[in-house]
Amino acid sequence: MLITQVNRKQTLKPSSRKYMVNRQDADIMAQYNLELRGFYNYYSIADNISYRGWKFNYFMKYSMLKTLGRKHKRTVGQILEKYKDGTDVVIPYRDNKGNGKQRVWYNGGFRCKRFTDIYRDNHYEKTPNTMYLPAPHTCGKAQREKV
């Protein structure tokens with residue numbers, strides 16, 4: 001990201017990653033998708049993940065598009081025109097066996113995960129059982145009786 005100052009106010013702008021220019025287009029998208037999903041998995045229980053997630057998604061998407069634009073010496077609009085499929089950004093590629101495949105930009109959303117979504121058994125809501133007493137420890141007693 002690039003921090004710029006407009007009217008004495010700092011703003012963030014997506015920027016390209018120079019070190020990724022020598023990679024394949026699909027690999028660049030895979031790296032960005034991996035980082036975006038990792039961000040979402042880490043912050044998925046935060047209350048404001050929907051807002052922050054979409055904002056981070058915007059920066060990552062346009063950073064990827066700028067990186068591809070730098071690689072192909074094109075503008076972001078030209079890159080979008082080339083790879084846009086409906087509302088998705090899709091990059092076709094060939095795997096090691098020569099089969100045609102596609103990489104799609106993450107479009108899974110940024111819904112806040114509640115603990116009920118994470119823990120289906122809901123044990124965290126139960127009141128702790130403070131009346132439970134463990135069985136008496138008999139290991140030492142048995143050894144003393146043998147002696």
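The shown structure was predicted, so the numbers you read here are calculated from the model rather than taken from an experiment. All residue numbers refer to positions in the sequence shown, counting from 1.
Tyr51 is linked by a ring pair (Phe, Tyr, Trp, His ring centres under 6.0 Å) to nothing, counting only residues two or more places apart in sequence or in another chain. Under the rule for a ring pair (Phe, Tyr, Trp, His ring centres under 6.0 Å), Tyr83 has no partner lying at least two apart in sequence or in another chain. Residues meeting the side-chain hydrogen bond (donor to acceptor under 3.5 Å, both in side chains) test with Thr87, sequence neighbours left out: none. Taking the side chain to side chain contact (heavy atoms under 4.5 Å, CB included) definition, one finds that Phe39 meets it with Tyr43, Ile49, Phe56, sequence neighbours left out.
By the rule that hydrophobic residues join a cluster once side-chain heavy atoms approach within less than 4.5 Å of another member, Tyr62 and Val6 end up as members of separate clusters. Linking Ile, Leu, Val, Met, Phe, Trp and Tyr whenever their side-chain heavy atoms come within less than 4.5 Å puts Tyr40 and Tyr58 in one cluster.
To the nearest 0.5 Å, atom NE2 of residue His72 and atom CD of residue Gln78 are 11.5 Å apart. Annotation: the span from Thr75 atom OG1 to Glu81 atom CD amounts to 8.5 Å, rounded to 0.5 Å. Interatomic distance, Arg103 CZ to Met29 CE, rounded to the nearest 0.5 Å: 9.0 Å. Distance OG/Ser50 to CZ/Arg111: 11.0 Å, rounded to 0.5 Å. With values rounded to the nearest 0.5 angstrom, Tyr32 atom OH is found 9.0 Å from Leu65 atom CG.
Looking only at distances, no side-chain donor or acceptor of Tyr106 sits under 3.5 Å from a matching main-chain atom of Asn57. Here the side chain of Ser44 pairs a donor or acceptor atom with the backbone of Asn41 at under 3.5 angstrom. Here the side chain of Ser63 pairs no donor or acceptor atom with the backbone of Ser16 at under 3.5 angstrom.
Counting heavy atoms from C-beta outward, Leu68 and Val21 have side chains that stay 4.5 Å or more apart. Considering only heavy atoms from C-beta on, Arg23 comes within 4.5 Å of Gln31 through its side chain. For the pair Trp105/Lys84, no side-chain contact is recorded, criterion being any heavy-atom separation below 4.5 Å from C-beta on. The closest side-chain heavy-atom distance from Val89 to Leu80 is below 4.5 Å.
The shortest heavy-atom contact between Cys112 and Ala46 is SG-O, 3.1 Å. Of all non-hydrogen atoms in Trp54 and Gly109, the two that sit nearest each other are CZ2-CA, 3.9 Å.
Residues near Tyr93 contribute nothing to a hydrophobic cluster around it, because no ILVMFWY side-chain heavy atom sits closer than 4.5 Å to its side chain.
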Requested in this report: Might you work through the side chain to side chain contact (heavy atoms under 4.5 Å, CB included) test for Phe110 and Leu36, ending with a clear yes or no?
Outcome: CA-CA 10 Å; Phe110 297 97; Leu36 184 61; 4.1 Å; yes
Report task. Could you walk me through whether Phe59 and Lys13 pass side chain to side chain contact (heavy atoms under 4.5 Å, CB included), step by step? Result -> CA-CA 7 Å; Phe59 282 107; Lys13 285 183 152 184; 5.5 Å; no
Report task. Please step through side chain to side chain contact (heavy atoms under 4.5 Å, CB included) for the pair Met64 and Ile28, ending with a clear verdict. Result -> CA-CA 7 Å; Met64 181 206 58; Ile28 292 172; 4.0 Å; yes
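For the salt bridge (Lys or Arg N to Asp or Glu O under 4.0 Å) condition, the pairs that include at least one residue of residues 85-98, sequence neighbours left out, are Asp95-Lys101. The salt bridge (Lys or Arg N to Asp or Glu O under 4.0 Å) contacts involving residues 43-63 comprise Asp47-Arg114, where partners must be two or more places apart or lie in separate chains. The list of salt bridge (Lys or Arg N to Asp or Glu O under 4.0 Å) pairs with a residue in residues 25-41, not counting sequence neighbours, reads Arg17-Glu35, Asp25-Lys71.
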